[in-house]
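Have a look at the structure below, then the notes.
Everything quoted here is computed from the prediction, not taken from an experiment.
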Amino acid sequence: MGLGINTEPSTGGKFLPVVKFDAKAGDMIVVNREPAGDGTWDKAEVEVALPTKVVMDLANIEIGWITFTPSYSAHLVKVGERMPMKPSDEHKQAIRVKVLFKDHGLREFTPTSKTVLRAVDTLHDQFTEQAAANPGKMPVVNIEGTETVKIQTPQGELRFKVPKWSIAGWVDPPAAFSEGNAPAQAPAPAPKPAPKAVAQGLDDAEF
């Protein structure tokens, strides 16, 4: 339980396109923005095929509070810094971490589900245990699929799904993590595999 999910808001920067996880359905989904042809933008959701492997920037994971209502607002700090005060009733505890997919490029993952946060916390513990033996490297995370988590509540048992994942190896930091800070509003083509250069460091041979 090393994250300390329990002061200043994060400075943020340019927004990355997102990947999200539906804790009820067990779906991992990337969200793309596409021009609608009338000057507006549409959101296109593409389900991530599992199993898959990603490079995850767990060394720079942030914790704090996020809301998407009425608009996106994040108050986050690096792990180990003082947890920010909860800004409003609409904000939920969350983490923010960059994730690189071979087929979907660099994404921002900001779960607020408690069950998913516990899964992230467990993965971060594994990262902490192995990081010293892999200086200058980033972890390759194998997402096998999902597993069911049962929660007992006064209303009865509730079932959720979380990613079933673990660290499968370590690689040199892919260039996408230093170069992939394009705004989410940038024009995007219809969903299709990202160019090879975007996902540099994710060749099957490196696993």
Short side-chain to backbone donor-acceptor contact, T52 and V48, under 3.5 Å: no

Shortest non-hydrogen contact from M138 toward P174: SD-CD, 3.9 Å

Sequence neighbours excluded - salt bridge (Lys or Arg N to Asp or Glu O under 4.0 Å) pairs with any residue from residues 84-94: none

Parallel, tilted or perpendicular: rings of H104 and F101 (30°, 60°): perpendicular

N/O donor-acceptor pair under 3.5 Å between R107 side chain and V31 backbone: yes

With V54, the side-chain contact (heavy atoms from CB on, under 4.5 Å) member among L100, I143, V19: I143

Test log, rule side-chain contact (heavy atoms from CB on, under 4.5 Å), inputs D121 and D125: CA-CA 6 Å; D121 207 354; D125 285 345; 4.1 Å; yes

Test item: D27 side-chain N/O and I29 main-chain N/O as donor-acceptor pair under 3.5 Å: no

Stepwise side chain to side chain donor-acceptor pair (under 3.5 Å) check, S113 with T115: CA-CA 5 Å; S113 162; T115 53; 2.9 Å; yes

E144 and W165, any side-chain heavy atoms less than 4.5 Å apart: no

Same apolar cluster: V18 and L58, side chain cutoff 4.5 Å: no

Worked check of salt bridge (Lys or Arg N to Asp or Glu O under 4.0 Å) between E34 and K43: CA-CA 6 Å; E34 301 176 358; K43 289 184 178 180; over 6 Å; no

Of I66, I95, V97, the residue whose pairing with T110 passes side-chain contact (heavy atoms from CB on, under 4.5 Å): I66

Nearest heavy-atom neighbours spanning Y72 and R96: OH-NH1, 3.2 Å

Within-4.5 Å side-chain heavy-atom neighbours: S73 and H91: yes

For P51, side chain to side chain contact (heavy atoms under 4.5 Å, CB included) partners two or more places apart: none

